[in-house]
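See below for the structure under consideration.
The figures that follow rest on heavy atoms only: side chains count, while hydrogens, waters and symmetry mates do not.
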Amino acid sequence: MAPRNLTSVSKFLLLGFPEEPELQPFIFELFLSMYLITVFGNLLIILAISSNIHLHTPMYFFLSNLSFVDICFTSTTMSKMLVNIQTKSKVITYEGCITQMYFFTLFGGLDILLLTVMAYDRFMAICHPLHYMVIMNPQLCELLVLVSWVMSALHSLLQSLSLLRLSFCTFLEIPHFFCELNQMIQFASSDTFLNNVVMYSGAVLLAGGSLTCIIYSYSKIIFSIYGITSSQGKYKAFSTCASHLSIVSLFYCTGLGVYLSSASTNSSHSSATASVMYTVVTPMLNPFIYSLRNKDLKRGLKILFGKVTLKGPLS
């Protein structure tokens, strides 16, 4: 089949999950439940932080931004997948595929950068507590979030523009439930050397650089905690970053697991199932990890529910 430039291809087919009709209602209900839990869980975190003045600190400012990005990250893939299952259609337009890939890369990069910023925040809080509030002022916090948005947007734009130069066969089936950059490059008919260079260079600089910064921050944090004399002080210092460390481990481990599973198997269903872990499960678990391990946030959620209960009968 002769390759043709991508601009002449109007639509693709997403073949991510089994086609058995009897499984479709179960898959739809399962992923709809996970999606709703993700959205409402992260939305509750945002509302609890914004409605409680005691949570207006750098750590919770970054957490509320992370929760917003997680909602967007999951919505980028899940909304289209749920529509396709409900309408019994696997079609996505060329424009829709490029748009989905851009926003997936954008919010995925933002997740990584915000986790790095949060590691820096914990480093400043534990290693330099006397200067913490002076250094981590609202202006710096907003600047760090803005820089994260700009860097992720530029990275996503570069990846999307490099994809536009590729050609594909006239009929393209994507063995995934969303348009992923790596999958698109693999199925291109034209030379993909430049695209692979751009993709892997971006991954090394963004994910690898961020992971290096996180490891460095936590190495300093561990040395500082060991320097604390009282066991109660050590526990309190470690508890302030335990939730963040759990989320970082979950995010990077699931991402690495997806990469290893896709590299070791040719099964498209196995790769799609593995991708669910970091695109759906990780954002869904983030609110539970933070709310269950954080007394201040649990108090904020109780205050939020108290306000809703009090206002309910009056509305």
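Taking the side chain as every heavy atom from C-beta outward, Tyr102 and Leu106 approach each other to under 4.5 Å. Side-chain contact between Leu82 and Phe31 is present, with at least one heavy-atom pair separated by less than 4.5 Å. Contact check for Leu113 versus Ser210: side-chain heavy atoms found under the 4.5 Å cut-off. For the pair Phe73 and Leu110, the minimum side-chain heavy-atom distance is 4.5 Å or more. Looking at heavy atoms from C-beta onward, Met78 lies in side-chain contact with Thr74 at the 4.5 angstrom threshold. No side-chain heavy atom of Leu158 sits less than 4.5 Å from a side-chain heavy atom of Leu154. A 4.5 Å side-chain heavy-atom check between Pro138 and His56 finds every atom pair outside the cut-off. For the pair Ile221 and Cys241, the minimum side-chain heavy-atom distance is below 4.5 Å.
Ile92 and Phe103 end up in the same hydrophobic cluster when Ile, Leu, Val, Met, Phe, Trp and Tyr side chains are linked at under 4.5 Å. Residues Leu194 and Leu163 fall into different hydrophobic clusters, defined by Ile, Leu, Val, Met, Phe, Trp and Tyr side chains chained together at heavy-atom separations under 4.5 Å. Linking ILVMFWY residues whenever their side-chain heavy atoms come closer than 4.5 Å, directly or via other members, leaves Val83 and Phe28 in distinct clusters. Under a hydrophobic-cluster definition in which Ile, Leu, Val, Met, Phe, Trp and Tyr are linked whenever side-chain heavy atoms come within less than 4.5 Å, directly or via other members, Leu115 and Leu205 are assigned to different clusters. One hydrophobic cluster, built from ILVMFWY side chains closer than 4.5 Å, holds both Val281 and Val69.
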Carefully, step by step, assess Ile135 and Leu140 under the rule side-chain contact (heavy atoms from CB on, under 4.5 Å).
-> CA-CA 8 Å; Ile135 296 175; Leu140 179 62; 4.2 Å; yes
Verify side-chain contact (heavy atoms from CB on, under 4.5 Å) between Ile71 and Thr38, making sure each step is shown before the conclusion.
-> CA-CA 7 Å; Ile71 292 174; Thr38 302; 5.5 Å; no
Please lay out, stage by stage, how Tyr290 and His244 fare under the test side-chain contact (heavy atoms from CB on, under 4.5 Å).
-> CA-CA 8 Å; Tyr290 263 99; His244 174 259; 3.4 Å; yes
Should Phe288 and Ile37 be marked as a side-chain contact (heavy atoms from CB on, under 4.5 Å) after you check the CA-CA gap, both sets of side-chain angles, and the distance that decides it?
-> CA-CA 10 Å; Phe288 294 100; Ile37 292 172; 3.8 Å; yes
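Contact record, Pro283 with Thr279: CG-O, 3.7 Å, taken as the closest heavy-atom pair. Shortest non-hydrogen contact noted between Val198 and Ser162 is CG1-OG, 4.3 Å. The two residues Ser148 and Val117 come nearest to each other via the heavy atoms OG-CG2, 3.8 Å. Taking both residues in full, the closest heavy atoms of Gln100 and Thr76 are given as NE2-O, 3.1 Å, listed atom of the first, atom of the second, then distance. Nearest approach of Tyr60 to Leu297, heavy atoms of both residues: OH-N, 4.2 Å. Across every non-hydrogen atom of Asp191 and Arg165, the tightest pair is O-NH1, 3.5 Å.
A distance of 14.5 Å separates CZ of Phe178 from NZ of Lys80, quoted to the nearest 0.5 Å. Distance check, rounded to the nearest 0.5 Å: OH of Tyr132 to CE of Met59 gives 7.0 Å. From Ser217, atom OG reaches atom CE of Met124 across 10.5 Å, with rounding to the nearest 0.5 Å. Atom CG of Leu44 and atom OG of Ser67 lie 10.0 Å apart (nearest 0.5 Å). Considering OG of Ser219 and CD1 of Ile215, their distance stands at 8.5 Å, rounded to 0.5 Å.
The aromatic rings of Phe107 and Trp149 lie perpendicular to each other, with more than 60° between the two planes, well past the 30° mark.
For His128 and Phe123, the ring centers sit closer than 6.0 Å to each other.
Within a 6.0 Å sphere centred on CE of Met151, heavy atoms belonging to other residues, nucleotides or ligands number 12 at most. Dense packing is recorded around NZ of Lys234, with more than 12 heavy atoms of other residues, nucleotides or ligands lying under 6.0 Å away. Under a cut-off of 6.0 angstrom, the local environment of OH in Tyr252 is crowded, with over 12 non-hydrogen atoms contributed by other residues, nucleotides or ligands. Sparse packing is recorded around CD1 of Ile53, with 12 or fewer heavy atoms of other residues, nucleotides or ligands lying under 6.0 Å away.
In this structure a side-chain-to-backbone donor-acceptor pair under 3.5 Å is missing from His176 to Gln183. Side-chain N or O atoms of Thr99 include none that pairs as donor or acceptor with a backbone N or O of Gly96 at under 3.5 Å. Without hydrogens or angle criteria, Ser156 side chain to Ser152 main chain gives no donor-acceptor distance under 3.5 Å. Side-chain N or O atoms of Thr116 include one that pairs as donor or acceptor with a backbone N or O of Ile112 at under 3.5 Å. Looking at Asn137, its side chain never comes within 3.5 Å of a backbone N or O of Met133 through a donor-acceptor pair. Checked by atom type and distance alone, the side chain of Asn52 never pairs as donor or acceptor with a backbone atom of Ala48 at under 3.5 Å.
Between the side chains of Ser79 and Tyr35, no donor-acceptor pair of N or O atoms lies under 3.5 Å.
Ser243 pairs in a side chain to side chain contact (heavy atoms under 4.5 Å, CB included) with only one of the listed residues (Asn286, Leu63, Ile289, Val248), which is Ile289.
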